[in-house]
Protein chains: 2
Amino acid sequence: MRADAQRNYDKIVEVARQVFRERGYDASLDDIAKLAGVGPGTLYRHFPKRENLLDAVMQSWVDKVNDTADKALTYEGSDRDLLVNWFVDYVGLISQHKGGPAKLTSAMGNPDSPIMTKCQALSRANGKVIDRLREDGALRDEVDTIQVCRLVGGIATVADQSELDTAAVRPMLEVVADGLLK
Amino acid sequence: MRADAQRNYDKIVEVARQVFRERGYDASLDDIAKLAGVGPGTLYRHFPKRENLLDAVMQSWVDKVNDTADKALTYEGSDRDLLVNWFVDYVGLISQHKGGPAKLTSAMGNPDSPIMTKCQALSRANGKVIDRLREDGALRDEVDTIQVCRLVGGIATVADQSELDTAAVRPMLEVVADGLLK
DNA sequence: CAACCATACGGAGACAGTCTCCGTTTAGCA
DNA sequence: TGCTAAACGGAGACTGTCTCCGTATGGTTG
């Protein structure tokens with residue numbers, strides 16, 4: 001990539017990250033281009049679809065997802081608490097900006113979504129926790145990872161759209177956890 | 001209301017019901033106006049916000065919600081099956097058109113949403129089933145109706161957005177049911 | 001049944017967002 | 001220094017939302 005192209009690419013992603021956080025996932029792309037000091041043409045050449053931009057914005061976030069899952073596994077208490085705490089973290093991770101939970105969760109399991117790699121990271125992180133509990137024999141047999149992603153993603157989506165706080169979300173996550181555990 | 005106004009109102013709702021079902025909740029309102037043979041001004045005078053139109057479209061649906069809940073209560077099998085079957089019905093009811101589950105579920109608990117009355121009908125229907133199970137002593141104590149609406153609504157939202165079929169949805173509803181029952 | 005007027009109509013057009021096309025500019029190389 | 005492929009950016013086409021206001025009409029009243 002040419003140096004000027006790289007500069008613009010980086011600037012757009014930097015601006016988009018901030019704007020998405022402040023105004024939600026629906027923010028105007030022409031606005032983002034303007035704020036980044038480039039024309040709309042440039043933005044759309046680098047990111048043909050809104051989701052391609054979202055994907056770039058989330059790049060740095062992948063590491064955090066992994067770290068959080070690893071940290072969740074070091075928890076010393078009960079399986080139930082481990083699972084619920086992880087769910088709370090998971091919801092936090094996918095709720096960085098308004099509209100995020102819906103986007104991420106509905107792209108899950110769709111192999112040609114532009115944010116597929118992000119979904120995989122998420123799914124892998126979740127899988128780590130699920131696998132560990134399965135090894136412990138704590139989970140019901142039929143449970144599968146993508147199902148768990150969807151269940152928790154569904155709750156995150158509702159929470160996002162209804163602007164619920166953690167106090168309202170946690171009990172719902174507990175219900176799901178109880179339904180998953182033996 | 002003047003006779004011509006009533007005629008237009010009815011025609012718009014009739015057309016909207018069909019268009020929403022065919023093209024989803026995001027269909028163009030100017031299009032609906034055109035199909036109904038009225039100007040956009042007329043449509044927007046009757047229905048200032050998209051949700052007001054949605055509300056009118058759903059009017060007939062309220063009765064069905066009630067009937068379905070009543071029928072669910074006549075089920076003779078186990079509490080778990082009763083609950084799961086009701087959840088399946090519930091998901092069906094709110095998934096009449098694309099985008100419906102998200103709209104209905106996120107409006108739940110927001111007292112000044114234009115579709116508030118529809119949410120209340122939904123919540124009441126769900127409450128009937130929940131109350132009955134509570135009387136039977138089958139439910140955990142902390143369970144409340146709106147939470148259940150949100151949990152099931154969350155699953156319906158994900159299913160809607162990921163275009164999942166009943167076979168994929170049912171197991172998720174079972175997890176929630178198991179988490180709610182003693 | 002004619003005249004009146006509140007009520008309702010409808011379409012032109014302002015506005016906002018998406019996205020493309022293409023003439024212009026420039027980085028990087030020879 | 002000159003060349004060219006790569007990249008830029010903005011004008012504008014297109015789509016959808018929503019409003020304003022001149023026009024038409026249903027229903028009432030004398």
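These figures come from a predicted structure and were not determined experimentally. Numbered from 1 within each chain, the chains take letters A, B, ... in sequence-line order.
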**Study point:** Heavy atoms from other residues, nucleotides or ligands near NZ of A:K98 exceed 12 (cutoff 6.0 Å)
**Key:** yes

Study note, to complete from the structure: B:D10 atom CG is separated from C:dC9 atom C1', nearest whole Å, by 16 Å

Check your understanding: Is it true that atom NZ of B:K64 has more than 12 heavy atoms of other residues, nucleotides or ligands lying nearer than 6.0 Å?
Key -> no

Review point. So, is B:H46 near the phosphate of C:dA8, with a side-chain N or O under 4.0 Å from OP1 or OP2?
Key: no

Exercise for review: Whole angstrom is fine here: how far is it from CG in B:L43 over to C1' in C:dA8?
Suggested key: 14 Å

Practice item. Look at atom CZ of B:R50 and say whether more than 12 heavy atoms of other residues, nucleotides or ligands are closer to it than 6.0 Å. Key: yes

Review point. Applying side chain to side chain donor-acceptor pair (under 3.5 Å), which residue pairs with at least one partner in residues 22-33 of chain B are found, sequence neighbours left out?
Key: B:Q18-B:E22, B:R23-B:D31

Practice item. To the nearest Å, give me how far apart CG (A:L53) and P (C:dC19) are. Key: 12 Å

Check your understanding: In terms of heavy-atom contacts, does NZ of B:K71 have more than 12 from other residues, nucleotides or ligands at under 6.0 Å?
Key -> no

Exercise for review: Would you kindly give the CD-to-P distance between A:Q6 and D:dA7, to the nearest whole Å?
Suggested key: 11 Å

Check your understanding: Are B:D136 and B:R132 ion-paired here, with the side-chain N under 4.0 Å from a carboxylate O?
Key -> yes

Exercise for review: To the nearest Å, give me how far apart CZ (A:F47) and C1' (D:dA7) are.
Suggested key: 14 Å

Practice item. Let me know, please, whether B:P48 or B:R7 comes out on the 5' side of the other along DNA chain D by nearest nucleotide. Key: B:P48

Check your understanding: From D:dC8, C:dC9, D:dG9, pick the nucleotide closest to the side chain of A:N8?
Key -> D:dC8

Check your understanding: Taking all atoms of both residues into account, what is the closest heavy-atom pair of B:L122 and B:W61, and its distance?
Key -> CD1-CH2, 3.7 Å

Revision key, fill the gap. Atom CD1 of A:I32 and atom C1' of C:dG17 are separated, to the nearest Å, by 12 Å

Review point. Is it true that A:D178 and B:R140 have a side-chain N and a carboxylate O under 4.0 angstrom from each other?
Key: yes

For nucleotides 2-6 of chain C, give me every protein contact, N/O to N/O, under 3.5 Å, one pair per line with atom names.
none

Review point. Atom CE of B:M58 and atom CD1 of B:I94: how far apart are they, to the nearest 0.5 Å?
Key: 9.0 Å

Check your understanding: For B:T42 and C:dA8, is the shortest distance between a side-chain N/O and OP1 or OP2 below 4.0 Å?
Key -> no

Revision key, fill the gap. Separation of D:dC18 atom P from B:E51 atom CD, nearest Å, is 11 Å

Please list, for nucleotides 11-17 of chain D, all pairs of protein and nucleotide N/O atoms separated by less than 3.5 Å.
{"residue": "D:dT17", "atom": "OP1", "partner": "B:R50", "partner atom": "NH2", "Å": "2.3"}
{"residue": "D:dT17", "atom": "OP2", "partner": "B:S28", "partner atom": "OG", "Å": "3.4"}
{"residue": "D:dT17", "atom": "OP2", "partner": "B:L29", "partner atom": "N", "Å": "2.9"}

Study note, to complete from the structure: Checking D:dA7, C:dG10, D:dG26 against the side chain of A:R45 (C-beta onward), the nearest is D:dA7

Review point. What is the distance, rounded to the nearest whole Å, between atom CG of A:L35 and atom P of C:dG17?
Key: 12 Å

